[in-house]
2 protein chains.
Amino acid sequence: MMAGMRTYAQNCGVARALDLLGERWTLLIVRELARGPKRFRDLTASLEGIGTNLLAARLRSLQEAGVITAEKLPPPAGVPGYALTDTGRALTPLLEDLALWGLEIPWPGAQQARSRAAWAAMTMRANMERSERPPPDGVYEFDVGGEQFWLRVSSGASQLLDGPAPIEPDARVSGDGAAFLRLAQGGRIPPRGALKVEGDRERLRTLMRTFRFPATSPGQGNP
Amino acid sequence: MMAGMRTYAQNCGVARALDLLGERWTLLIVRELARGPKRFRDLTASLEGIGTNLLAARLRSLQEAGVITAEKLPPPAGVPGYALTDTGRALTPLLEDLALWGLEIPWPGAQQARSRAAWAAMTMRANMERSERPPPDGVYEFDVGGEQFWLRVSSGASQLLDGPAPIEPDARVSGDGAAFLRLAQGGRIPPRGALKVEGDRERLRTLMRTFRFPATSPGQGNP
DNA sequence: CGGAATCCTCTTCGATACTG
DNA sequence: CAGTATCGAAGAGGATTCCG
């Protein structure tokens, strides 16, 4: 938090969190880094409209807050980049709560909005994490709409990262980005041929079944 | 969402949620309403520094988004006020995630910050909801630091609302606001005499034991 | 008197141009 | 490629005024 920065000055966890995360773009930067380290230009590409000065300022405050670190990306890249700290990774459930809430809201702007398969994949993982039935262990690779990411499920816990899977996946999904989007974000079965599945087809089907039914948040009642 | 309003234009739940909730003060308004309906001046009092024009604008957008409604408060008040809708109430887990995350972050601004017992009570409920052991059913009333609120626990679910309990509570806590704050936000046992307990002392003790507190709570201690 | 709209100043944002 | 510098536009903060 920089000197002279705006603060709510309230000793409340919500206000304190928002002092660090509440400004424009900040949580979207965390969202992007949640799928693994990124470099500056990756972020400007994903966050269309941010302006490089603002991105630089946000990255600086997030570092000061201990949410991200600036460091060289792992080999073979070896170039400078940004990654979440443990504190930053602790925001994942929060991002997922936000995502599931946001998708329930009627939304007039759907037409002009940009879509990304990786964002839909985050929804998919969020639903999976909140599912009643445990997802099947395995490594699943996706190559849809020109984006590549992979999901690892291991005894209930899961991990979603950008890029190709570092080991041979148990199943691989590739094909049309829009079809994947409707599947991952809305649970709608894609038309035959839109997505190609290689490998353990049955395990992938079981995986998909775990997130078809989003968990409903209990919430709190006001009488 | 008003015409001409700023939007991320990203088809992602996080971005869509932030289009509605991401502006300054918005989530703090939801936080205040999470403890029951409030009138305009209650909100200006809790959200010191907001400015009446901005509060009015936020209340308008939240209504358009279907997060809150403007309606007469329940009798005997009967005056106009604002309350969360079901959609708004669904944000409670999110606020709690934010609060618990925010309290873990080192915080330089503790000295100048305002404190409220009701905010600490929300932390208390958040910890309770995430506890391994079920909290004991009952109605608990608090009258600390000049604020009054009550907690109802019923078969695992709980509800925290401002004002006096509508029925005779099973236990009642009253006394020093700062002592309650340290207890509810950090799990620190208050000095003898700082808080008075009436009614079912044992049940209240069991309730307190269900809280799951962080090993170390940095940035606490607001005198 | 409570609830909100108006005005004015200051800060932040967004887009582009520019530099190490 | 990774940022910094710049500047018009939009948003926030605070006081005041209007309306019932």
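Remember, predicted model here, so these are calculated numbers, not experimental data. Within every chain, numbering begins at 1; the chains are lettered A, B, ... in the order of the sequence lines, protein sequences first and strands thereafter.
In this structure, of D:dG3, D:dT6, C:dA5, it is D:dG3 that holds the atom nearest to the side chain of A:T52. Among the nucleotides C:dA17, D:dC1, C:dT12, the one closest to any side-chain atom of A:R41 is D:dC1. Nearest nucleotide to the A:R39 side chain, out of D:dG3, D:dC1, D:dG14: D:dC1. Closest approach to the B:F40 side chain among C:dA4, C:dG14, D:dG3 is made by C:dA4 (side chain taken as heavy atoms from C-beta onward).
Between the CG atom of B:D19 and the P atom of C:dC13 there is a distance of 15 Å, rounded to whole Å. Computed from coordinates, the A:L55 CG to C:dT12 C1' distance equals 16 Å when rounded to whole Å. The interatomic distance linking A:E48 (CD) with C:dC13 (P) rounds to 19 Å, in whole Å. Atom CG in A:L62 sits about 14 Å away from atom P in D:dG3, given to the nearest Å. Separating the CG atom of B:L28 from the P atom of D:dG13 is a distance of 11 Å, rounded to the nearest angstrom. Residue A:L54 contributes atom CG, which lies 14 Å from atom C1' of D:dA5 at whole-angstrom precision. One interatomic measurement links the two molecules: CG of B:D42 to C1' of C:dG2, which rounds to 11 Å at whole-angstrom precision. B:L47 places its CG atom 14 Å from the C1' atom of D:dG13, with the value rounded to the nearest Å.
Between A:R24 and C:dG14 there is a side-chain polar atom (N or O) within less than 4.0 angstrom of OP1 or OP2. Within the 4.0 Å cut-off from OP1 or OP2 of C:dT12, not a single side-chain nitrogen or oxygen of A:W25 is found. Phosphate proximity of C:dA4 to B:R60: absent, as no side-chain N or O sits under 4.0 Å from OP1 or OP2. OP1 or OP2 of C:dG14 has at least one side-chain nitrogen or oxygen of B:R6 nearer than 4.0 Å. An OP1 or OP2 oxygen of D:dG3 is reached within less than 4.0 angstrom by a side-chain nitrogen or oxygen of A:Y82.
Of the two residues contacting DNA chain D, namely A:Y8 and A:A56, the nearest-nucleotide position lying further toward the 5' end is that of A:A56.
Relative to the six-membered ring of B:Y8, A:R114 misses at least one condition, a distance below 6.0 Å or an angle of at most 45° to the axis. Cation-pi geometry between B:R58 and B:W25 is not met at under 6.0 angstrom from the ring centre and within 45 degrees of the axis.
Look at B:D19 and B:R6 and you find no salt bridge, because none of the NZ, NE, NH1 or NH2 atoms lies under 4.0 Å from a carboxylate O. Salt bridge absent: B:R24 and A:E23 never bring a charged side-chain N and a carboxylate O closer than 4.0 Å. Ion pairing between a basic and an acidic side chain is recognised when a charged N comes within 4.0 Å of a carboxylate O; A:E129 and A:R125 show such pairing.
The base of D:dG3 is not paired with the side chain of A:N53 by any donor and acceptor separated by under 3.5 Å.
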